[in-house]
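Data block below; observations after.
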Protein chains: 2
Amino acid sequence: MQEPTLLLLTALSDQPRHGYGIVQEVLAISGGRVKLRTGTLYAALQRLVDEGLIEVHHEEIVDGRARRSYALTGGGRVRLAAEAERLEATAREARRRLSLADRSGFGPAPKGATA
Amino acid sequence: MQEPTLLLLTALSDQPRHGYGIVQEVLAISGGRVKLRTGTLYAALQRLVDEGLIEVHHEEIVDGRARRSYALTGGGRVRLAAEAERLEATAREARRRLSLADRSGFGPAPKGATA
DNA sequence: CACTATATGACGATCATCGGCATATGGAGG
DNA sequence: CCTCCATATGCCGATGATCGTCATATAGTG
């Protein structure tokens, strides 16, 4: 699972939102770093519904145009928790190695080291 | 940056390794979850060298075939640290929201909740 | 003899994301 | 009045990382 998809699920983790609201929320969560393209958004929504990670929470037709809000399913919740755990484990391992390398002298020696 | 690439950088963060060694190390780091395909591996190595995140550490020709080991560059080290931080922040936010939702009653209510 | 481990590399296919376009309404600024 | 921006949904072609497989080579095990 990629970052945009993960952030999308995160945006739905506290309450249901519609497409545009998800874009805003992801933007906020990521500190302005990730702006979901609508192409990414609606393709991902469709995919995630198909996978059963999210579902249509509310739907109405306004001026012949759909207006939908989406919510995380139980499966989506479980999946998001699992992904978060995986991410954290990966990040921890990377940091552990980087600090080990610093101490052992391998690497660029951040600032005025033994070498 | 995707997970396989991130794990590749992590595999190089404590010492230089050659291609096959990276595959083994990534497998170990990820707890057997991620087995880098050679297609992914050598394409990624080329890309990362071009980006300056890794470099060829040692190279020799054995039976007319290259044998190279790769090492993280200073830039790669900085980048990996940044990615780890980003991952951790994302994971933290996902978890925070999931637990908030549990408390507020939104969501599937993991096991025998108020509803 | 077959299979696995070590080891490098190319090729086409797949899939998520990107970037832009189309459409529609309502409000603000010039 | 007209243009721009925010709100809002959705399609489509291009890009790019990864997947899956094939090719090549040696050494060891069953």
Side-chain angles (χ1 to χ4, degrees), chain A residues 1-12 16-30 32-51 53-54 56-70 79 83 86-87 90, chain B residues 1-12 16-30 32-51 53-54 56-70 76 79-80 83 86-87 90:
Chain A
M1 179 176 300
Q2 250 134 313
E3 215 201 353
T5 303
L6 190 101
L7 290 168
L8 193 161
L9 292 182
T10 304
L12 291 178
R17 293 175 201 277
H18 58 248
Y20 195 81
I22 293 172
V23 175
Q24 313 301 311
E25 194 64 15
V26 166
L27 201 64
I29 294 172
S30 66
R33 200 169 38 80
V34 179
K35 187 178 169 79
L36 246 50
R37 317 294 155 154
T38 61
T40 305
L41 175 70
Y42 291 102
L45 286 173
Q46 193 52 63
R47 184 166 30 93
L48 292 170
V49 166
D50 291 346
E51 288 175 27
L53 300 183
I54 65 174
V56 174
H57 176 254
H58 183 70
E59 176 166 18
E60 58 178 321
I61 307 297
V62 181
D63 296 312
R65 184 191 275 269
R67 184 138 309 180
R68 297 191 190 91
S69 65
Y70 296 85
R79 178 65 183 279
E83 291 286 326
R86 181 178 63 77
L87 249 55
T90 304
Chain B
M1 179 177 299
Q2 251 135 309
E3 214 201 351
T5 303
L6 191 101
L7 289 169
L8 193 161
L9 292 182
T10 304
L12 291 179
R17 294 176 201 276
H18 58 249
Y20 195 81
I22 293 171
V23 175
Q24 312 301 309
E25 194 64 15
V26 165
L27 200 64
I29 293 172
S30 65
R33 202 169 36 80
V34 179
K35 185 176 171 80
L36 245 51
R37 316 294 156 153
T38 61
T40 305
L41 175 71
Y42 291 102
L45 285 173
Q46 193 51 63
R47 184 165 31 92
L48 292 169
V49 166
D50 290 346
E51 287 175 30
L53 299 184
I54 65 173
V56 175
H57 175 255
H58 183 70
E59 176 166 17
E60 58 178 321
I61 307 296
V62 180
D63 296 312
R65 182 191 277 268
R67 183 137 310 181
R68 297 191 190 92
S69 65
Y70 296 85
R79 178 65 183 278
L80 179 56
E83 290 285 327
R86 181 177 63 77
L87 249 56
T90 304

Please identify the 5'-most and 3'-most nucleotides of DNA chain D with any atom under 4.0 angstrom from a heavy atom of chain A.
D/dA6 to D/dC12
Does A/Pro4 or B/Gly21 map to a spot on DNA chain C nearer the 5' end, using the closest nucleotide for each?
B/Gly21
In short, A/Ala11 meets A/Arg17 closest at the heavy-atom pair O-NE, 2.8 Å
Name the atoms and distances for all side-chain donor-acceptor pairs under 3.5 Å in residues 32-48 of chain A, with sequence neighbours left out.
| unit_1 | atom_1 | unit_2 | atom_2 | d |
| --- | --- | --- | --- | --- |
| A/Arg33 | NH1 | A/Glu3 | OE2 | 3.4 |
| A/Arg33 | NH2 | A/Glu3 | OE2 | 2.9 |
| A/Arg37 | NE | A/Lys35 | O | 3.3 |
| A/Gln46 | NE2 | A/Asp50 | OD1 | 3.3 |

Any donor-acceptor pair under 3.5 Å linking the side chain of B/Arg79 with the backbone of B/Leu53?
no
B/Ser69 side chain vs B/His57 backbone, donor-acceptor pair below 3.5 Å:
no
Euclidean distance, B/Glu83 CD relative to B/Thr5 OG1, rounded to 0.5 Å:
9.5 Å
The answer to which of A/Arg68 and B/Thr5 contacts DNA chain D further toward the 5' end, by nearest nucleotide, is A/Arg68
With heavy atoms under 4.0 Å as the rule, sort B/Gln24 into base, sugar-phosphate or nothing.
sugar-phosphate
About how many Å separate CG of A/Leu9 and CD1 of A/Ile22, when rounded to the nearest 0.5 Å?
9.0 Å
Roughly how far, to the nearest 0.5 Å, is CE of A/Met1 from CG of A/Leu87?
10.5 Å
Tell me what B/Gly19 touches on the nucleic acid: a base, only sugar-phosphate, or nothing, going by heavy atoms under 4.0 Å.
sugar-phosphate
Roughly how far, to the nearest 0.5 Å, is the OG1 atom of A/Thr90 from the CG atom of B/Leu7?
5.5 Å
Under 4.0 Å from a heavy atom of chain B: give me the 5'-most and 3'-most nucleotides of DNA chain C that qualify.
C/dA5 to C/dC11
